[in-house]
Amino acid sequence: MITLKQVHKYYSVGKNKLHVLKGLDVDIQEGELVSIMGSSGSGKSTMLNILGILDDYDEGEYHLNNTLIQNLSAKKAAYYRNRFLGFVFQSFNLLSFKTAQENVALPLYYQKVGRRKRNKLAMEYLEMVGLSDRADHTPSELSGGQKQRVALARALISQPKVILADEPTGALDTQTTQEVMDIFKEVHRKGITVVIVTHENEIAEQTDRVIRLRDGIIESDKVKQEELTVKE
Amino acid sequence: MFDLDKWQEILGTMRKNKLRTFLTAFGVFWGIFMLVLLLGAGRGMQNGVQREFGNEAKNSLWIWQGKTTIPYQGMKPGRQIRFTNDDYEALAREVPGLASLARRNRLGGEYTLNYKTKNGSFPLYGANSTFFEINGETVLKGRFFNPNDLAEKRKVMILGRRAREVLFGDSIPPIGKYVNVKGVYFKVIGTYELDGGNGRREERSYIPFSTYQSIFDTKRRVNLMGALAKEGVSAAQVEEGVRKVLAARHRFSVDDKQAIGINNNEENFKRFTGLFAGIEAFVWFVGIGTLIAGIVGVSNIMLIIVKERTKEIGVRKALGATPWSIISLILQESVFITALSGYLGLLLGAGLLELMSIGIRQIEKSGGQAPYFTHPEVDLRVAIAATIILVISGAFAGLVPALKAARVKPIEALRAE
């Protein structure tokens, strides 16, 4: 599903070039639940942004669903993001002036799905995350956990191949963290590939595979044995 | 192409961001509103000045008697020049480029105009028909003098609107009635109106010049003469001719400007035309300034809006919005707001001017007058053009940052606060 081959990324800071990703090789199969860990500055967020076509890379190759993602036009990139990817952010990134239902329906608006169908589907996904009674509330009327569940519903509504989450529980307390993680696991059971960036061990422990980054290099890439045996 | 979904998206965004929408709308509204008021006030001033000028023929001149100030052919200065019928006939005969000549005398002394029990202390004049052509009176009812009135010295009279109101009131038709002045009865054949002079010009009444001379002035004197230049001849040329002929007849120097008075309307008119041009230029200067201020205001707000929405743009992009969908969303919103509020400003400004116009008309009806100001109105084409310019420039002001925002990498837009 996701293949990175010797991916490099530089940031220019003033006259200096900062080498953030120093040749990553990653291969994530369809249906995996993967966490990316690392201290701040390790390049984990940069990697996620490249996976999400939110940022571009300087060297190497990135294949998403067997399509080479390189030098895409803004329109093409928007198309791939819309069809293949779903995002969950640490700061939720819900549109404050829209209701929960409208926020969830937004990706379908960009897929040119009709309004009635859009709202119906949005209701179904809100129900899935257990928030159908909050459909008419704006984000400011929701708790942090509720916001993140709305964001998850929004990420899922376009039926993406991959869900990318950047510190999805970073702003949540322990209990709501677990609620959100349960939804991620449920999504994973449906066969959707999930990539979570986190620095919390409790989160990483709940995933099948942990990729540790350090200074732009993959330090370790461990697949949990028991999970594998269960699968096989 | 009408995209209902997009409009719902835009209207929803506007409804949820009331302050932002209001600020943009108010900037545009105020710019257009002030521009319309300004243009209207400028036009009102111009109309007011034009009214003071009255309806006088523009290529004409008035000639009156003066005193010599330059010694000439052995005669001392200070000699009073007096016109007679002979001067009038000489001018008609000898001045080149003359279309027609008028004369008018005023009856001096104490007298009143009387109709039955009503009377009014209004001035009586004798004049020929050409006089009205130059002075600008227009018939309200009946007619002016015909050649027979003058040739047969008929005792007929033309009344100004004000004199008619006082002598006859509103209910009695004046035509055919007889007005008594100093024991002589004149049959009213017409009434007239004439702008300017705060209505005093409509207090006058006129009888044929020949009648006037035969009844009130047997010395064949002429007090005031008016000359109308032929088409294509300048009033200045006629003025020169008049001066020459009268100087020869009365033996004063052609350079003696005080011996006879000449008021050249053409030159007055030129001065007024200059004044109008000045007012117009001023109005345009301030108007364009207002418009620029409006454009700057709208541009400013558009810049802030796009900046404020950078994060939202990032979110939309992450969800699959194409650059064009972002640009068109912002542009359509700004054009919609500016067009609507511009139209509102236009409507309210024009409405206010219309109210002022009605108010001024009421005041004028009750006899008062706002000096140098009447009938403010706005050229609708100019106002609409201004609105369109404002909408386009507002959209353009939004376009540049919108394009920039659409080009920014989504990750940078998402990072914005």
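All values below come from the heavy atoms of this structure, side chains included, with hydrogens, waters and symmetry mates left out. Here is the naming used below: chain letters follow the sequence lines, and residue numbers restart at 1 for every chain.
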- Item | Heavy-atom closest pair, residues A:Ala155 and A:Phe87 | CB-O, 3.4 Å
- With a 4.5 Å heavy-atom cut-off, do B:Val36 and B:Leu346 have their side chains touching? yes
- Query: With distance as the sole test, does B:Lys311 use its side chain to make a donor-acceptor pair with the main-chain N or O of B:Leu414 at under 3.5 Å?
  - Reply: yes
- Task: Could you tell me how the ring of A:Tyr80 sits relative to the ring of A:Phe84: parallel (under 30°), tilted (30 to 60°) or perpendicular (over 60°)?
- Result: parallel
- Closest heavy-atom contact between A:Thr176 and A:Leu172? OG1-CB, 3.5 Å
- Item | Neighbours of chain B found in residues 40-73 of chain A - heavy atoms under 4.5 Å | A:Asn49, A:Ile53, A:Leu54, A:Asp55, A:Asp56
- Query: Are A:Pro168 and A:Phe184 close enough that some pair of their side-chain heavy atoms sits under 4.5 Å apart?
  - Reply: yes
- Query: chain B: which of A:Lys76, A:Lys75, A:Arg83, A:Arg154 shares the most heavy-atom pairs with it under 4.5 Å?
  - Reply: A:Arg154
- Query: Charged N to carboxylate O under 4.0 angstrom, B:Glu312 versus B:Lys317?
  - Reply: no
- Message: Keeping A:His188 on the side-chain end and A:Val194 on the backbone end, is there a donor-acceptor pair under 3.5 Å?
- Response: no
- Using non-hydrogen atoms only, which part of B:Arg15 is less than 4.5 Å away from chain A: side chain, backbone, both, or neither? neither
- Can any side-chain N or O of A:Asp166 pair as donor or acceptor with the backbone N or O of A:Gln90 at less than 3.5 Å? no
- Task: Evaluate the criterion side chain to side chain donor-acceptor pair (under 3.5 Å) for residue pair A:Thr207 and A:Ser35; output intermediate values, then yes/no.
- Result: CA-CA 6 Å; A:Thr207 61; A:Ser35 58; 2.9 Å; yes
- Looking at B:Gly314, B:Ala321, B:Ser325, which one has more heavy-atom pairs under 4.5 Å with chain A than the rest? B:Ala321
- Task: Report, by ascending residue number, the residues of residues 93-120 of chain A in heavy-atom contact with chain B at a distance under 4.5 Å; give 'none' if the set is empty.
- Result: A:Asn93, A:Leu95, A:Phe97, A:Lys98, A:Glu102, A:Leu106, A:Pro107, A:Tyr109, A:Tyr110, A:Val113, A:Arg115, A:Arg118
- Donor-acceptor pair, B:Thr290 side chain versus B:Val286 backbone, under 3.5 Å? yes
